[in-house]
Amino acid sequence: PYIVGTGVKVANIATYALMHNWSVEKIADELELTPAQIHAALAYYYDHQAEIDAAIKAGDELVEQIGTPFSELRRRIEARMPPKNE
């Protein structure tokens, strides 16, 4: 599932919030979404957690077969970027 009117997956929101400990404000700022969209996505995630977690796991396994996991690529990119408030 995606956030309506965007190309952003609910699974991505859940990953940023729960695995990377991003705040709602950081996710909203980085993805150009509203806090309400983030909260709605997280509510949807919690209502469908088993299904979405399985999809995240399947995606991670596929990426591992292909190469570097997305979370590692994201970490590398973020390490190179200056803070947004500079």
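Atom CD1 of residue Ile13 and atom CG of residue Leu33 lie 5.5 Å apart, to the nearest 0.5 angstrom. The line from CD of Glu30 to CD of Glu25 is 12.5 Å long, rounded to the nearest 0.5 Å. A distance of 5.0 Å separates CD1 in Ile38 from CD1 in Ile3, rounded to the nearest 0.5 Å.
Nearest heavy-atom pair, Ala14 versus Leu42, reported as atom, atom and distance to 0.1 Å: CA-CD2, 4.1 Å. The minimum heavy-atom distance linking Ile56 with Ala11 is given by the pair CG1-CB, 3.7 Å. Pairing each heavy atom of Pro35 with each of Ala28, the nearest pair is N-CB, 4.1 Å. Heavy atoms only, all atoms of each residue included: Gln37 and Val4 are closest at NE2-O, 4.2 Å. Residue Ala41 comes nearest to Val10 through the heavy atom pair O-CG1, 3.3 Å, listed as atom of the first residue, atom of the second, then distance.
For the pair Ile52 and Tyr44, the minimum side-chain heavy-atom distance is below 4.5 Å.
Within 6.0 Å of CD in Glu32 there are 12 or fewer heavy atoms belonging to other residues, nucleotides or ligands. In the displayed structure, Lys26 atom NZ is contacted under 6.0 Å by more than 12 heavy atoms of other residues, nucleotides or ligands.
Pairs passing the side-chain hydrogen bond (donor to acceptor under 3.5 Å, both in side chains) check and including a residue from residues 13-22, sequence neighbours excluded, read Tyr16-Arg74.
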